[in-house]
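Since this is a predicted model, take the numbers as computed values, not measurements. The analysis underlying the following values was restricted to heavy atoms, covering all of them including side chains, and did not include hydrogens, waters or symmetry mates.
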Amino acid sequence: MSLSKKSTFIHGVVLPGYKSATENEPITALPPPEKVFICISRHIGKPAKPVVKPGDEVKKGQLIAAADGFVSANYHASVSGKVKAVSSL
């Protein structure tokens, strides 16, 4: 495959760029948000089991909920911070 040839796939969506507003702006690192909500039941399987509790300090990448069934997944903190609440919806 040639790198100069633009490849695509059948039925793909091609969206316009709209880059003119920011194409000459430098990349800016954003600060972490003040609050983060991480849903641990966002799939068809069994929700993960929380392994943290309110008041715990967590670090980015730390396990916060463990897989708890056949169709389940582990969840890790996307940011460091203090756990305010653990609830099921």
Side-chain angles (χ1 to χ4, degrees):
M1 174 183 211
S2 170
L3 293 178
S4 62
K5 183 178 178 186
K6 185 177 179 181
S7 64
T8 185
F9 56 93
I10 298 171
H11 304 295
V13 177
V14 178
L15 301 173
Y18 297 112
K19 296 180 181 180
S20 61
T22 58
E23 67 185 341
N24 296 317
E25 297 294 321
I27 295 174
T28 305
L30 297 175
E34 289 187 28
K35 290 184 182 181
V36 175
F37 174 84
I38 300 174
C39 181
I40 59 174
S41 61
R42 57 181 168 199
H43 50 73
I44 62 170
K46 188 173 180 186
K49 183 177 180 182
V51 296
V52 295
K53 59 188 181 307
D56 286 353
E57 292 283 337
V58 297
K59 299 292 182 189
K60 181 179 177 181
Q62 179 180 334
L63 181 70
I64 57 173
D68 190 33
F70 175 64
V71 181
S72 190
N74 289 330
Y75 291 87
H76 298 83
S78 55
V79 294
S80 297
K82 190 174 198 174
V83 177
K84 296 284 187 179
V86 176
S87 66
S88 59
L89 298 175

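- For the residue pair Tyr75 and Cys39, the shortest heavy atom distance occurs at CE2-O, 3.8 Å.
- Residue Ile40 comes nearest to Ala65 through the heavy atom pair CG2-CB, 3.7 Å, listed as atom of the first residue, atom of the second, then distance.
- Considering only heavy atoms from C-beta on, Lys60 stays 4.5 Å or farther from Val79 through its side chain.
- The two residues Lys59 and Ser80 make their nearest non-hydrogen contact at CA-OG, 3.4 Å.
- Contact between Ile38 and Ala77 at its shortest, heavy atoms only, is CD1-CA, 4.4 Å.
- Within the 4.5 Å cutoff, no side-chain heavy atoms of Asp68 are placed close to those of Pro47.
- When all heavy atoms are compared, the tightest approach of His76 to Gly61 is CD2-O, 3.2 Å.
- One distance of note links CG of Asp56 with CD1 of Ile64; it measures 11.0 Å at 0.5 Å rounding.
- Scanning both residues, Asn74 and Ala66, for their nearest heavy atoms gives OD1-CA, 3.3 Å.
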